Amino acid sequence: MDESSFPPVPKPDGVHPLSEREAEKLGMKVPISRRDFVGSTLIGAGATLMGAVAPAGMRSARAQTPGATMTGLTPDWTGPGGIGDYGRSNGNTHAVVNAAHGNVRNHQLDAYLDTAQDSGESPDLLVVGCGIAGLSAAYTYTRRRPRSTVLMLDQHPVFGGEAKQNEFEVDGTHLWAPQGSTGMVFPLNRAKAYNFYSEFYDQLDFPREFEFQEPKNLQTKDLLVPRDMWTPMHIGWEQADIGYYFESKGFVNNMWRDGLAGAPYDDKERIDFLKADLYRTPNPRPDWERWLDSMTYSQYLRDVVGVRSPSFEKYINPVAAAMGCGLGADIISAYSAFNFIQPGVLAQGRDTAKGLADPADQVYLVTLPGGNASIARRLVQKMVPGVFKGRRLTELLLDDMHMAALDQPANRVKIRLSCTVVAVKHQGDPATAKKVTVYYERDGQLHKVTGKAVIVAGQQHVNRHICRDIPAHYRTAMDTFHHAPMLTVNVALRNWRFLDKLGISSARWFEGFGWWTSLRRNVFLDGRESMPLDPGKPVVLTQYNPFCLPGLPFPQQCTAARMQLFGMSYADIEGAVRAQFTKMFASAGFDAARDIAGITTNRWGHAYVVDPPGFFFGRDGQPAPKDVIRQRFNRMAFAHAELTGAQMWEAAADEGQRAAHQILEVS
């Protein structure tokens, strides 16, 4: 089909071109700690993105592959990345997306594989992907084979996958914020009970207990600031002072505390909200996990809990999507919702005999500066000498890295960045092959390297393109994986007096751009605060923005959502954030031009695998596709958190460990 026949994808709510006057009032003309990006349309990328399919036309489109080349993005699409080591690696940048779509998705280098320059290396293990799964795989392998050699390849300029950070310098204060993956579950004994634990905790040398800072110099006495920004999204709404913003009414503070009496819902809607939140009766059937995986979360709410109000699904959809499910209740398996302890379905985890009740009452999240970039940094520190200055936690988390140390010839473990892997295959017949070859593009040059085995630690939407000699049943299984996007926006502020004045530490809204942001109490590191928590001092407010499009079927909704993410320029997003904050907070003294010091955007086009009914336990007596891919294929093994259906760092580490053990069997 001619890609010019596809209509453009509509932009998300709250995203629209600003007039010169609006842009000036919102501070988009004020010099701040960013390069200036002009225009509110996607310069240089509009022609390719016009091939994206709008929701109305999505029903007949192939899910993961819209009819466009999806290349030609330019720097004004990416926007500024902040400062420090991650300043040129904020999410999937235009350079990363162009290379991935051109070299992997569109196979534009396939005709040139025979011309690839041999690196001359012969490592014992090749690892494709330097997220937590890949790093943990390499770490596990080298612990068992300390004299072995490992070469790791990653497309991004910095290792970590989605476990990266943004950094800002605002009025003399250094600020850190996560780009994606964040949060470790404590206390560890309760984390084990709820399957939020990995034995890698024992390898990371992090503290077993953390002290949280307390806010200072508050105008609102006893303002309740949460320890993390995730829990109060819903599962622990009592842990923060939350302002719920309705455009028809303004802020309603802590609406759950009085049974939603102050919120603009009718009586039936209020009953359904309370019914969902109070449901505590597990179904005793022994196959309850498979039973949950046989229906959508929407069906469970309707048929089991008795919640039928569309307003509740509108409320819970972004919560479930952002916490890890990717999309909303109409698409995800009820078992996926259970994994992320969503209301109603969390009842199935109650077992009073084992002391298991509401997990939000028994575990908590620790967010280190930069989120789970800390875990990736620790794994690299343990494998590659010279990258970090010292062993103290502050030195690991807060100091700059010595990037040149990552890929030194003398290293037993080498990490080679900005490499787009385009092909992976055994040498000769896979059944008898003794080696594998990986082809990758770097700086416009095609290279190849041959090793004894390979762990492919990326997502299946990539693996189905690059794994050239896998059997058909692997490829069929890979084709079933579909992903939802996420946009992480970090807004660096000079102060947060407006929140203190409003008497809130977290904000939820229902119209416009985004849906949630929150303060959090940072932990002490080596006895000191990493960042202040004072309304008169700088802070970063993070937003995790999913793209739920209820009414579109799976998997088409995944692609339509991703097209919304791709179809915005940085200026679109910046203007929408400034306008949304102004709408909600201006009455409390917020001034976008004065108070915003910087905005970074981190786009993750395939952030979360989406788990529809049948994802976990399969259908019609057939094994679940994830279980097919978890089997080693001769000298090739696969590792990614998506193979568990729950993309937590713990799952990524465990999957990397499993793949390393499989490769140790044959190399």
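On a predicted model such as this, the values are computed, not experimentally measured, just so you know.
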Between the OH atom in Tyr244 and the OG atom in Ser506, the distance rounded to the nearest 0.5 Å is 8.5 Å

Between the side chain of Arg578 and the main-chain N/O of Ala592, is any donor-acceptor distance below 3.5 Å? yes

Do the non-hydrogen side-chain atoms of Ile375 and Phe206 ever get within less than 4.5 Å of each other?
-> yes

Quick check: does any side chain N or O of Glu650 sit under 3.5 Å from a backbone N or O of Tyr197, one acting as donor and the other as acceptor?
-> no

Report the C-alpha separation of Phe338 and Trp288 in whole Å, then their side-chain angles, then the decisive distance to 0.1 Å, and conclude whether the ring pair (Phe, Tyr, Trp, His ring centres under 6.0 Å) test is met.
CA-CA 11 Å; Phe338 168 79; Trp288 64 267; 5.1 Å; yes

Has the side chain of Thr182 got a donor or acceptor atom that lies under 3.5 Å from a matching backbone atom of Pro178?
no

Heavy-atom closest pair (Ala641 atom, Gln647 atom, distance to 0.1 Å) is CB-CA, 3.7 Å

Tightest non-hydrogen contact, residues Ala507 and Phe251, listed as CB-CE2, 4.4 Å

Salt bridge check: are Lys275 and Asp272 linked by an N-O gap of less than 4.0 Å? yes

In Leu502, Leu223, Val225, Asn253, the residue satisfying side-chain contact (heavy atoms from CB on, under 4.5 Å) with Asp241 is Leu223

Item checked: Axial cation check for Phe212 ring with Arg227, 6.0 Å and 45° limits -> yes

Residues Arg619 and Pro613: closest non-hydrogen pair is NH2-O, 2.8 Å

When every non-hydrogen atom of Trp176 is compared with those of Ser530, the smallest separation belongs to CZ3-O, 3.7 Å

Kindly indicate, with the supporting measurements, whether the criterion side-chain hydrogen bond (donor to acceptor under 3.5 Å, both in side chains) is fulfilled by Glu199 and Gln657. CA-CA 10 Å; Glu199 66 180 53; Gln657 182 182 66; 2.9 Å; yes

Notebook entry, point to check: Is Arg270 paired with Asp267 through a side-chain N to carboxylate O contact shorter than 4.0 Å?
Noted result: yes

The reported gap from CD in Gln543 to CG in Asn602 (rounded to nearest 0.5 angstrom) is 12.0 Å

* Under-4.0 Å salt bridge between Arg257 and Glu238 -> no

One pair to check against side chain to side chain contact (heavy atoms under 4.5 Å, CB included): Ile332 and Thr296. What are the steps and the verdict?
CA-CA 5 Å; Ile332 62 173; Thr296 65; over 6 Å; no

Margin query: So does Met229 get a backbone contact from the side chain of Arg520, meaning a donor-acceptor N/O pair under 3.5 Å?
Written below: no

| task | Look only at the side chain of Thr231 and the backbone of Asp228, and say whether a donor-acceptor pair between them is shorter than 3.5 Å. | result | no

Determine, stepwise, if the pair His482 / Gln557 fulfils side-chain hydrogen bond (donor to acceptor under 3.5 Å, both in side chains). CA-CA 10 Å; His482 301 280; Gln557 192 175 143; over 6 Å; no

Would Asp500 and Thr220 count as a side-chain hydrogen bond (donor to acceptor under 3.5 Å, both in side chains) if you check the C-alpha gap in whole Å, the side-chain angles of each, and the deciding distance to 0.1 Å? CA-CA 6 Å; Asp500 187 18; Thr220 300; 3.3 Å; yes

So, the side chain of Asp595 versus the backbone of Phe590: is there a donor-acceptor pair under 3.5 Å, distance only? no

**Message:** side-chain hydrogen bond (donor to acceptor under 3.5 Å, both in side chains) for Glu269 and Ser311? Distances and angles first, verdict last.
**Reply:** CA-CA 7 Å; Glu269 289 172 324; Ser311 56; 3.2 Å; yes

- Item | Side chain to side chain, Asp611 and Tyr335, heavy atoms closer than 4.5 Å | no

query = Is there a side chain to side chain contact (heavy atoms under 4.5 Å, CB included) between Tyr315 and Arg508 once you walk through the steps?
reply = CA-CA 10 Å; Tyr315 167 86; Arg508 168 74 199 265; 3.5 Å; yes

- [ ] Check whether any side-chain N or O of Gln460 sits under 3.5 Å from a backbone N or O of Thr480 as a donor-acceptor pair, and report yes or no.
- [x] no

Minimal heavy-atom distance between Val540 and Ala177, with the atoms involved, is CG1-CB, 3.5 Å

One should read off an interatomic distance between Arg658 CZ and Thr644 OG1, to the nearest 0.5 angstrom, of 10.0 Å

| message | Looking only at the side chains, is there a donor atom on one of Asp572 and His16 sitting less than 3.5 Å from an acceptor on the other? | response | no

* If you measure from the Lys or Arg side-chain nitrogens to the Asp or Glu carboxylate oxygens, is any gap between Glu247 and Lys583 under 4.0 Å? -> yes

For the pair Val363 and Phe186, evaluate side chain to side chain contact (heavy atoms under 4.5 Å, CB included) and give the outcome as yes or no after the intermediate values.
CA-CA 6 Å; Val363 299; Phe186 281 83; over 6 Å; no

Taken to the nearest 0.5 Å, the spacing of Thr488 OG1 from Gln179 CD works out to 8.0 Å

| message | Whether the Thr542 and Asn490 side chains hold a donor-acceptor pair (N or O, under 3.5 Å, no angle test) is what I'd like checked. | response | yes

Nearest heavy-atom approach of Pro318 to Trp515 is O-CZ2, 3.5 Å

Sequence neighbours excluded, the answer for side-chain hydrogen bond (donor to acceptor under 3.5 Å, both in side chains) partners of Glu214 is Arg521

Count the heavy atoms of every other residue, nucleotide or ligand shown that sit under 6.0 Å from NZ of Lys268, and state whether that count exceeds 12.
yes

d(Asn339 CG, Leu346 CG) to nearest 0.5 Å is 12.0 Å

Rounded to the nearest 0.5 Å, the CG atom of Asp330 sits from the CG atom of Asn317 at a distance of 6.0 Å

Next item on the list: Find out whether Lys626 and Phe616 are in side-chain contact, i.e. whether some heavy atom of one side chain is under 4.5 Å from a heavy atom of the other.
Entry: yes

request  = Show the numbers, then the answer: is there a side chain to side chain contact (heavy atoms under 4.5 Å, CB included) between Phe585 and Tyr245?
outcome  = CA-CA 10 Å; Phe585 303 132; Tyr245 183 81; over 6 Å; no

Any salt bridge linking Arg285 with Asp287? Criterion: basic side-chain nitrogen under 4.0 Å from a carboxylate oxygen.
yes

